[in-house]
Every structure is written in C-alpha cells, then in structure tokens.
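Quick notes on the structure that follows.
Reckoned from all heavy atoms, side chains included, excluding hydrogens, waters and symmetry mates.
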Amino acid sequence: MTEITVFYLPQEGRPSDLLLRTAAALYAGSAPEEYETVRETGKKPRFLHHPEICASVSHSGGIWAAAFSGGGEVGLDIQLLTASPRRDRIARRFFHPNEAEAVLSSPDPDKAFSRIWCRKEAAVKLSGAGIDGRFSSFDVTGPNPVEVFGESVFLADFTLPGHPGLFASAAFSTPFSIRLQPIPSENLTY
C-alpha cells in the first residue's frame, strides 16, 4: 500500500513556493535548494530536477498543506468549514445529484457540503482536470474506489491535528495510507 505524506503548517504569509520546497526537502531528506518548482497555468507544481516526486498543494483557513507521493500523482484539498448562504444553490449546480441530495437532506448541511467539496477537489486535482463542466458528472459519496472521468480513484478523509474545523481529503489511484507531518518552523530557514 502506498503511503502519502501530508505536510502542513500555518501559512502566516509565507510564500507557497518556499513551503513546497521545504516540504519536498523534508519528504526526500535533502536540501530545499534541490527542489526548484515549475508551474504551468492551471496545473499542479512540479519539481524541475525531481520528476519522480508528485505533489498537490492546498490552503484554507490560514493553513497550508501539501501531499507527496513517490508512486504517482496525488490530489489534496483542505477546506475550512464555513456556512454559505449559497450552499444549496452551489450543490444543485456543481454537485452530482446524489451529492446534492446528501447536502440537502443532511442534519448538518454545511458539514456535508464542505466534506463533499473537499473530496471532489482532491479527485480533480489528482486527475489534473480542475473544476469545469464535468464537476457534476461524478459522485464522491460512494465507497472506494469512485469513478472520476472514467478512472478509479481512492479517497481518504482526515483531519489535521489542532485544526478540527478543517476538512482534508486526499486522492490516489490505488489504496493508500496517510502520514501526517507538521513542518517545524526551524525548517523554514532559507
């Protein structure tokens, strides 16, 4: 079973690229300077000299997180639980009918909405497709694996220690486990 490592910390105005390079160095056990990132518009960051390492980045509620895998693409999303007056309208428009019904019939619709949104974002980040007209074409409320754009996707929900109001979901192509790793502030030295 593949292990996905999720690094996290309060962003506190730090540039995402600095955090990503620091997390990559911690993941691989080397120096942050080795992890020059490249980004194409609308795509996940890549490491110029380390294409074998895949990463997915997310931030919400002042928290930054990145998932790392050496065994293939990974998707990650974190989402702060918030109440939205447009929640039901968004669910009806952007969610699969099963997902919209799960939100509308839930005793805690804000929690249901945040969980489903987080799972969908992780799944599309894995695929590299992003949110588009196909966002409502797949359902993440069923058991693993779920089908996303014709591919099997495994999803896992988790919480980050010390951040109970933050939903987190990771996506991968095979069953996986998650290792959570806070980034110590002393590692942010360059």
Side-chain angles (χ1 to χ4, degrees), residues 1-80 117-131 140 144-145 148-149 151-190:
M1 180 179 291
T2 300
E3 182 178 79
I4 304 298
T5 303
V6 177
F7 292 91
Y8 64 96
L9 80 164
Q11 190 161 4
E12 298 177 341
R14 297 176 184 112
S16 186
D17 188 63
L18 165 69
L19 298 176
L20 183 59
R21 293 173 76 174
T22 300
L26 289 169
Y27 177 74
S30 55
E33 296 80 15
E34 290 185 36
Y35 296 93
E36 182 178 347
T37 58
V38 291
R39 294 178 189 256
E40 296 175 40
T41 304
K43 303 285 184 182
K44 292 188 282 188
R46 299 259 180 235
F47 299 106
L48 186 61
H49 303 294
H50 293 280
E52 74 281 5
I53 298 176
C54 297
S56 183
V57 176
S58 186
H59 49 86
S60 183
I63 303 301
W64 180 93
F68 286 83
S69 166
E73 293 296 334
V74 62
L76 173 74
D77 193 55
I78 63 174
Q79 181 71 39
L80 183 65
W117 186 271
C118 195
R119 290 170 66 89
K120 289 182 85 68
E121 281 267 3
V124 297
K125 285 181 177 182
L126 171 66
S127 76
I131 299 173
V140 297
N144 276 326
V148 179
F149 309 138
E151 300 291 330
S152 291
V153 172
F154 290 81
L155 295 164
D157 300 327
F158 56 99
T159 57
L160 298 174
H163 306 286
L166 199 65
F167 287 87
S169 293
F172 199 66
S173 60
T174 62
F176 64 97
S177 62
I178 295 174
R179 181 172 66 93
L180 299 175
Q181 181 69 48
I183 298 176
S185 59
E186 62 266 15
N187 288 91
L188 300 169
T189 57
Y190 77 100

Would you call [X] and [Y] a side-chain contact if the rule is heavy atoms closer than 4.5 Å?
| X | Y | result |
| --- | --- | --- |
| I78 | S60 | yes |
| D157 | R119 | yes |
| V57 | P45 | yes |
| Q79 | E121 | no |
| T22 | L20 | no |
| T174 | T2 | yes |
| F154 | S173 | no |

Using residues 62-74 as the side-chain source, report each donor-acceptor pair under 3.5 Å to any protein atom, sequence neighbours left out, with the distance given to one decimal.
unit_1	atom_1	unit_2	atom_2	d
W64	NE1	S16	OG	2.9
S69	OG	G71	N	2.9
S69	OG	G72	N	3.4
S69	OG	G72	O	3.1
E73	OE1	K44	NZ	2.7
E73	OE2	R46	NH1	2.8
E73	OE2	R46	NH2	2.8

Search all heavy atoms of [X] against all heavy atoms of [Y] and return the closest pair with its distance.
| X | Y | result |
| --- | --- | --- |
| L80 | G61 | CD2-CA, 3.8 Å |
| L76 | S56 | N-OG, 3.0 Å |
| L180 | T159 | CD1-O, 3.4 Å |
| V148 | A123 | CG2-CB, 4.0 Å |

Subject >> Inter- and intrachain pairs under salt bridge (Lys or Arg N to Asp or Glu O under 4.0 Å), touching residues 51-65, at least two apart >> reply: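 Counting only pairs at least two positions apart or across chains, no salt bridge (Lys or Arg N to Asp or Glu O under 4.0 Å) contact touches residues 51-65.
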
Original post:
Taking only residues at least two apart or on different chains, which pairs with a member in residues 54-72 satisfy salt bridge (Lys or Arg N to Asp or Glu O under 4.0 Å)?
Top reply: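 Output for this query is empty, none listed.
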
First locate atom [atom1] of [X], then atom [atom2] of [Y], and finally report the distance between them rounded to the nearest 0.5 Å.
| X | Y | atom1 | atom2 | value |
| --- | --- | --- | --- | --- |
| Y8 | L19 | OH | CG | 14.0 Å |
| F158 | I178 | CZ | CD1 | 4.5 Å |
| L166 | L160 | CG | CG | 5.5 Å |

**OP:** Mind checking side chain to side chain contact (heavy atoms under 4.5 Å, CB included) for P164 and listing every partner two or more places apart, or none if nothing turns up?
**Re:** none

Subject >> Under 3.5 Å: donor-acceptor pair, side chain of K125, backbone of K120 >> reply: no

Original post:
Listed by chain and number, what are the salt bridge (Lys or Arg N to Asp or Glu O under 4.0 Å) partners of R14, not counting sequence neighbours?
Top reply: E12

Original post:
Hey, are S169 and D77 close enough side-chain-wise for a donor-acceptor pair under 3.5 Å?
Top reply: no

Original post:
Should we count CD of E34 as having more than 12 external heavy atoms under 6.0 Å?
Top reply: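 For E34, atom CD is crowded (more than 12 foreign heavy atoms under 6.0 Å).
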
Original post:
Considering residues at least two apart in sequence or located in another chain, which fulfil the ring pair (Phe, Tyr, Trp, His ring centres under 6.0 Å) criterion with F47?
Top reply: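 Expected list: Y35.
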
Original post:
Should V6 and Q181 be marked as a side chain to side chain contact (heavy atoms under 4.5 Å, CB included) after you check the CA-CA gap, both sets of side-chain angles, and the distance that decides it?
Top reply: CA-CA 6 Å; V6 177; Q181 181 69 48; over 6 Å; no

